[in-house]
Amino acid sequence: MTDVAAIPVLDLTTASSGALLRRRIMAHRGLLIGTGLLTLIILVALLAPLLAPHDPYAQDLSRRMIPPIWYEKGNWAHLLGTDNLGRDYLSRVLYGAQISLLIGVSVMVISGLIGTALGLAAGFFGGRVDMIVTFFITVRLALPLILVALAVVATVGGSLWVVILVLGLLKWDRFAVVMRAATQQVRVLDYVAAAEAAGASTLRVIVGEVLPNLLPQLVVVATVEAASAILLEAALSFLGLGVQPPLPSWGLMIAEAKTYMFFSFWLIAIPGTALAVLVFAVNMVGDGIRDVSAPGGRG
Amino acid sequence: MLIYALKRLGLAVLVAVVVSALAFLLLRASGDVAIALAGEGARNEDIENIRRIYGLDRPLVVQYLDWAAKMARGDFGTSLFFKTDVHALVLEKLPTTALLALFSLIFALAVSLPLGILAALYPNSWIDRLCLALAVIGQALPSFFFALILMIVFAVMLRWLPVSGSDSWAHFVLPTVVLGYYIAPAIMRLVRAGMIEVLASDYVRTARAKGLSSRSVVLKHALRNALVPVVALSAVQLGFLLGGSVVIETVFALDGLGYLAYQSITHKDLPVTQAIVTLLSLIYVGLTLAADLANAWLDPRIRVGGGS
Amino acid sequence: MSRFSTGVLTAAVAAMVAVAPALADKKTNSIRFAYDQVVENVDPYMNNVRIGVIIGQQVWDTLIYRDPKTSEYKGQLATAWKWLDDKTLELDLRKGVKFHNGAEFTADDVVYTLNFVVSPDSKVVTRQNVAWIDRAEKIDAYKVRIICKEPFPAAIEYLAGPVVIHPHEYYAKVGPQGMNEKPVGSGPYRISEHSVGKFVRMERNPDYFKDSPKPQPKIEKVEIRFIPDRQTQVAEMMAGGADMIMNVALDQATQMKAVPTLQVVSGETMRIAFLHLDTREATTAPPLRDLKVRQAIMHAIDRESMVKQIVGQGARVLNTLCFPPQFGCSDEGAPRYSYDPAKAKALLAEAGFKDGFDIDLYAYRERNQTEAMIGYLRAVGIRANLRFMQYAAMREANRAGKAAMLHQTWGSFSVNDVSASTPVYYKFGPDDVSRDPEVRDFLQRGDSQVDPAVRKEAYRKALALIAERAYSLPLYSLTTYYVANKDLAFIAYPDEIPRFWEMSYK
C-alpha cells in the first residue's frame, strides 16, 4: 500500500558507465542476497517436478497432520510433514513456488503493460493525452483496490486466472505514475529530440530511445508490484476469495493453516517463511537496482 | 491560488462522478440479487416477488439514475441484507474505521519520522541499515499472519490486551500497530530522501555557514521543507487505510466499514457495497484535494507550475 | 517467524491458560457466546441463518414444543391441538402468558402473526416454513384454527420449530424492522440491546411462564458477539474472552481438549451433506447423464474415512438423502455404494471415460471436505475444479443449470420430518435437477397422506429410487463441536440450537 509518491523518480541525466555499475552491483550486498534467493526460488519452481518427493495433490486421510522431521513424531517419508488431508507438505511447498511466482509475475506483466503504455503516452505526448491519462490514474487511485478486487472475485468466482486478471487490471497505477514522470524527464533530452529530428517514427522513438532509458525504474516498480501482488493474493485467500484449493499457492496455504496456528504452528510457519523469503528477495532486488542505478546512492 | 483551487475542485468533482458511476456499474453487473435475498429453499415465485418489490426488474440505466439521484440527496437506499437504511448503517460503522485509520497514521508517523530523520542524518550507518531492514522485512509477511502472531503473543499468552472487539482504546492497540507497520516504511523512505536532498541544498549550507547550530538547522529548516511531501503522502495513506483495513477488521472483529464492505460483498448486498465504495472514493478524492491545496499553499512553485 | 517453535508455543500457551484466573463470567452468571455469521434481522421470519434460529428460540415461543430429548410434542403457547379434518388444525391456547412488553398473549397474536407472514408482501425470507399455511382463524380469545393449503401432516413439527408467535399490536405497529431494533417475544430471554452486525445482548425473562416446557432460565445474561474469523474465536476462548463457541472444526476441537480451562462437546446434527448432481438433459456436465458415471462417483469417495478423519465423532455415513431420525427416513432397499476406486475406474471406462473428464465442483462450506472429495475424484481420473462461493450464489447457479455438481448440505430447518428434506430436492421444485416423475409422485404421496404407515412406505420407495438411480450421493450427517468454559453445563442437541435457558455453571 505504499504510495506512488514514495518512489522517487531517478535522475537519469547522468548515466553510469558499465564498469562502475558492475562494481556497484558487486558491492551491494542486498542486491546479491536478493538475487541469490530469487534465483533459488525460481529454480525450485522450475525443478519442482524433479525435486518433489510426492504428488502434491495425492491425499491420504489416514496419514494426515504428520509433523516435520525435526519433531519427535516426524517421519522420513515426509520431511516437512503432511497437511490436513495427508498430502506431502514439502511437495506442496515446492509446487507452491510455481503458483506464487506465477501470480507475482503475471500480475506484474499485465499491470506493467497497461501502466507503462499509459505512462509513456502521457509523458511523451503531454497535453490532452496527459490530461486524460492523469484523470484515469486519479480515478483508479480513488477506487479502494482491495474492496473492488473482492467484489469482482466474489462475482466471477475465485480461480488462479481470475485473481491474476483482477489484480493485473487494477494494479497498473504505480507503473503509470512512475513511467509518466520518468518519460517527461527523458523526453526533453537531446538525443530524443535528435532522433525525432532525424525523422524517426514516434513509435520508434518511444521504443528505441525513451523506453530503454526507463528500464531501471521499470524494474524497480515491477519488483514492488510483484511482491505486493503476492501479498494481496494471500489477503484475498484469507477472505476466501483468492485462488482455490487444492492449488498449493503459498498465500492459500498460509490462509488454510491459520486455523492450526495454536497447536501445529509449523503448518503456517513453513509456507509463511517461504512467502516471506520470496517477498523479501523480490524487495531486495528492487531496492538494490534502485540503489545501483541511482548515482547518489540509496534514495 | 484561487484559480488553481477551482481547477482542482472541478477535477475532484469530475473524478467523483466517474468513480460513482464505475462503482455502480462494476458491482451491478453481477449475479442475481433477488435470489440472494430469497434465502435457503426459496421458490421461484418468491424470487419474482422479491425482484418486483425491490425494483430489480427495471433497466440498468434507470436503476443507476435513480440510485445516483438518491445518493446526491443523501439517500443511500435500503440494505438488501440488513433491510435497514444504508446511510445509517454506514455512518454507524464509519467512526470505528476512521479511528483505526487515524491511529494507524499517527503510529506510522511517530515511528517513521524520527527513524527517517536519523537515517538521513547518518546515511549508511547502522541506524540507516536498521530502517531499511525494517522496511523490507516488515512488508514480507501477509498482514493477517502478522496480526494473528501479535494476537497470540500479546492477547492470549501475555494477556496484556483484548483479543478482539472495539469497546475500548485497548482494543485498538494491536490493529493500529499492524496497519501502521505496513504504511510506515513508505513514509520513512520519503522523509529520508527528502531530508538528504534538503540537507544538501544551498540554503541549508548557507544556514550552517551563518553559524546556526546543526540542531536548529535540522529541525527548523531542513525538516520543514522535507515534510511538505509527507503531508501529501499522509493524506493519501489515510485514504488507503480507510479502504484497506478489511483484513485487519476481520481478524480483530472490529466491525467497521471494511468488514461491513466484506459482508456486503459476500452477501451481494449491492446498495451497501456501492455506498461504501463510493464513500471511500469520495473521501480519497477529498483528502487528495486537501493535500494538493495544502501543498500549493506551502510550496508556491506548485501553483505557478499548474500542478497535475 | 520460523524460529517460533511449535512445541514452545504450544507449551507456553497451555501454561498461560492453565494459570489464568477462573473466568469472570461464572461469577456474573453470564455467557459470552461468539458466532461467525451475523444475523441480518433477529425476527425469525426475516433471516435464514443458523444464529437467527438460535436467537429465535431464546426470545420467542412457538405454539407447540418438541422435547429435544424424547422428541415428544408438548404444549407451549398452545395447550392442546387436534385435526378437525385433513387440512384444519384447531388449537387451544394457554392463558396467562405475557410478552416482554407486558402484553397478554391471546388468539389475536397467533392469527395476526400467521396471516401476516403468509401474505406475499410481508417480505418474509423463510417462506418455505410457512408456505403450507393458507390462513389462521380466531374462534375465541384462546382458540384458533390453522387451515392448510393441502393436507400437511408435518404441520405440528413446523409449529414446534420455526413458526414463532409475535405480539400482534406491537408487530402491527413496528413491523419486522422495528422487531429487529427492539425485539419483543415471550421466550425465556429478552433482548436488551441489539447492535446490528456486532452483538445481541439478552437478559433472563423473570416473568417467564412457569408451565412452559422450556425450563426457567438460570443464566442471567447472554451476549452473542459476532466474530467473523474462526481463529479469533479460538483465541478469545483461550484468553477467556468468550465462554462458548460452536461449529469448531474437528482438528481444532481435538487440540483444544488439551486446554484445562475448556471443555469440548460434540454432537451429531440434523444437517446432512450430499453431492447434488444435475442429470437433466441440458446439464453442463453431460457425463453426469450416464448412470455408470454417477455410480463411479459414488464408488470413488471414501465416506467412511472422511467421517472418521475429518468430519468427526457422531457423524454417520448415509445411504439415502435424509437424516435418519427424521420421520419417514429409511435406507431400506436402497443400494450401498462401497468405496471401491477400481470399480469406479471400471465403470468410467465402461461409460466411455477411460481418461476421466473435467468438471466444476461447487461448494459453500466445509471446504476441507470438498477438497478431500476432489482428491478422491482425482484418484479415479475425474478432474474436479473447485468453485467455492456463498450459498445463495451457488444455488442460483445450480437452479439456472450452470452448476452441475454441488457439495450441498441441508439442515431441514431443524424440522424432524422427511417432508422438510428430500422433497426440497426431488419434488420438481427449483432445486430439483433430476426431474424424475416417479420419485415426485412417491414424495407427494408421503407429504400429503395422513396415515403414518402410508407416508413411511411412500418415502421409503422415493428414497430407494433416488439412491438406485444415483441422482445424488448422500455423504454423511455432520457433527458440531462446541468448545466452552469447562464449568458450563450444557447439552449438545442434533438441531444445532444451544439452549441457554437450560444451561448453568457448575
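Since the structure is predicted, the reported quantities are computational estimates derived from the model, not experimental observations. Chain letters run A, B, ... following the sequence lines, proteins first and then strands; every chain starts at 1.
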Do you know which of A142(A), P144(A), G240(A), G272(A) has the most heavy-atom pairs with chain B at a distance under 4.5 angstrom?
A142(A)
Take atom CD in E197(B); do more than 12 heavy atoms of anything else shown fall under 6.0 Å from it?
no
When the 4.5 angstrom heavy-atom criterion is applied to I276(B) and chain A, the contacting part is side chain
Bottom line for A255(A): the part with an atom under 4.5 Å from chain B's heavy atoms is both
Most heavy-atom pairs under 4.5 Å with chain B, out of V139(A), L150(A), L239(A), belong to L239(A)
Can you sort out the partners of F238(A) under ring pair (Phe, Tyr, Trp, His ring centres under 6.0 Å), two or more places apart, ordered by chain and number?
F144(B)
Heavy-atom pairs under 4.5 Å with chain B, option from V277(A), I230(A), L241(A), L143(A) with the top count:
L143(A)
Interatomic distance, CG@L118(B) vs CZ@R192(B), rounded to 0.5 Å, equals 12.0 Å
Using heavy-atom distances under 4.5 Å, tell me whether A234(A) contacts chain B through its side chain, its backbone, both, or neither.
both
If we define contacts as heavy-atom pairs under 4.5 Å, which of L231(A), N283(A), V282(A) has the most with chain B?
L231(A)
So, the part of V18(B) with a heavy atom under 4.5 Å from chain A: the answer is side chain
Interatomic spacing from OG in S143(B) to CD1 in I248(B) - rounded to 0.5 Å:
4.0 Å
Closest heavy-atom pair, D83(A) versus L267(A), reported as atoms and distance to 0.1 Å, is CA-CD2, 4.1 Å
Ignoring hydrogens and angles, state whether a donor on the side chain of E249(B) or S245(B) is under 3.5 Å from an acceptor on the partner side chain.
yes
Contact origin within V285(B) toward chain A - heavy atom pairs under 4.5 Å:
side chain
Below 4.5 Å from any heavy atom of chain B, which atoms of L278(A) appear? Answer side chain, backbone, both or neither.
neither
Excluding sequence neighbours, so at least two apart, what forms ring pair (Phe, Tyr, Trp, His ring centres under 6.0 Å) with F154(B)?
W160(B)
